[in-house]
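Chain A is the first sequence line, chain B the second, and so forth, proteins listed ahead of strands; every chain is numbered from 1. The shown structure was predicted, so the numbers you read here are calculated from the model rather than taken from an experiment.
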Amino acid sequence: MSPRAASRLETLGFELVYDYVAGKADWGAAGLPLEGRPGPRAGELARADAPTCLLGERLQAVRARVEASEWDTCLVVDAERVVLGRLGRRALVREDDLTVEAAMTAGPRTFRPDVRLGALVGSMRGRNLTSAVVTTSDGKLVGVVRLDEAEARLAPGSVTFRA
Amino acid sequence: MPTAVDRDEVQRLLDEGAQLVEVLRAEEYSEEHLPGAFNIPLKELDRERVQALDRSRPVIVYCHDYQ
């Protein structure tokens with residue numbers, strides 16, 4: 001995003017334009033100060049009611065479980081709740097009754113619970129994700145953040161920011 | 001062509017009077033931004049919004065990371 005902004009500034013007549021491509025993630029990681037009003041983090045909005053299934057389950061059984069929920073995706077976990085994969089909408093509507101292992105998309109992108117919600121929303125928008133899987137650093141499922149709920153939480157007028 | 005800079009170079013430019021512009025959305029800026037940074041979201045970057053900037057000084061733009 002910043003390379004496009006830098007180029008745009010040049011087209012607007014600015015001659016001394018620099019692009020700090022590593023951005024505020026790099027700044028914060030170096031322990032340098034940041035200003036602002038600390039908002040909620042991903043873990044606070046991660047919903048634990050997202051459906052889960054195991055590798056050896058049959059797709060039809062999982063589909064019935066997902067249809068009975070308000071979700072359209074199912075996370076594949078092991079006995080320790082480490083996230084192994086994901087069954088998306090396309091996999092869940094397959095007619096053939098495969099095992100979860102055969103139908104899943106392995107290794108979904110995950111986020112840590114301490115990620116700022118604003119940064120998470122930006123990342124989800126950039127990747128066209130409507131939901132984000134939140135795990136601990138050792139891969140265990142914390143829950144799933146829905147983009148619509150995260151956006152609502154960040155909307156002006158929301159009174160849920162922490163001091 | 002804009003020049004890509006790293007953190008050390010950003011700090012040196014700031015010492016020399018450079019301006020910082022975060023181009024993320026307002027809600028992300030309000031959560032966290034570099035000290036003293038302006039906020040002009042990329043989609044709002046036009047002639048009117050850049051009037052707040054001093055054209056004689058360097059401008060450093062940034063977002064969250066390499067996205």
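Side-chain contact between B:Pro2 and A:Ser7: present, with at least one pair of heavy atoms (C-beta onward) separated by less than 4.5 Å.
Proximity to chain A (any heavy atom under 4.5 Å) is restricted, for B:Leu13, to the side chain, taken from C-beta onward. B:Glu22 touches chain A through its side chain: at least one heavy atom from C-beta onward sits under 4.5 Å away, while N, CA, C and O do not. With a 4.5 angstrom heavy-atom cutoff, B:Arg47 touches chain A via backbone and side-chain atoms both. Only the side chain of B:Val10 comes within contact range of chain A, with at least one heavy atom under 4.5 Å from a heavy atom of that chain.
Contacts between residues 38-46 of chain B and chain A, counted as heavy-atom pairs separated by less than 4.5 Å, involve B:Leu42, B:Leu45, B:Asp46. For residues 27-36 of chain A, a heavy-atom distance under 4.5 Å to chain B picks out A:Trp27, A:Ala30, A:Leu32, A:Pro33, A:Leu34, A:Glu35, A:Gly36, given by residue number.
When A:Thr11, A:Leu16, A:Leu9 are compared by the number of non-hydrogen pairs under 4.5 Å with chain B, A:Leu16 comes out ahead. By number of non-hydrogen pairs under 4.5 angstrom with chain A, the leading residue of B:Val59, B:Leu20, B:Val23 is B:Val59. Of the listed residues (B:Arg7, B:Gln19, B:Gln11, B:Glu9), the one with the most heavy-atom contacts under 4.5 Å to chain A is B:Arg7.
Pairing each heavy atom of B:Cys63 with each of A:Ser2, the nearest pair is SG-N, 3.7 Å. Between A:Gly13 and B:Arg55, the closest heavy-atom pair is C-NH1, 3.6 Å. For the residue pair B:Glu28 and A:Ala119, the shortest heavy atom distance occurs at OE1-CA, 4.1 Å. Taking all atoms of both residues into account, the shortest heavy-atom contact from A:Gly23 to B:Tyr62 is CA-CB, 4.2 Å.
The salt bridge (Lys or Arg N to Asp or Glu O under 4.0 Å) check on A:Arg146 picks up A:Glu70, A:Asp148, A:Glu149, with sequence neighbours excluded. Remark: A:Arg90 engages no residue in a salt bridge (Lys or Arg N to Asp or Glu O under 4.0 Å) (not counting sequence neighbours).
One hydrophobic cluster, built from ILVMFWY side chains closer than 4.5 Å, cannot hold both B:Val21 and A:Tyr18; they sit in different ones. In the hydrophobic clustering of ILVMFWY residues, with side-chain heavy atoms under 4.5 Å counting as a link, A:Leu84 and A:Leu75 come out apart. In the hydrophobic cluster analysis, where Ile, Leu, Val, Met, Phe, Trp and Tyr join through side-chain heavy atoms closer than 4.5 angstrom, A:Val145 is grouped together with A:Val115. Linking ILVMFWY residues whenever their side-chain heavy atoms come closer than 4.5 Å, directly or via other members, places A:Val77 and A:Val144 in the same cluster. In the hydrophobic cluster analysis, where Ile, Leu, Val, Met, Phe, Trp and Tyr join through side-chain heavy atoms closer than 4.5 angstrom, A:Met104 is grouped together with A:Leu92.
Counted within 6.0 Å of CD on B:Glu16, heavy atoms from surrounding residues, nucleotides or ligands total more than 12; the atom is thus considered enclosed.
Looking only at distances, no side-chain donor or acceptor of B:Glu27 sits under 3.5 Å from a matching main-chain atom of A:Leu154.
A salt bridge is absent between A:Lys24 and B:Glu32; no separation between the charged side-chain nitrogens and carboxylate oxygens falls under 4.0 Å.
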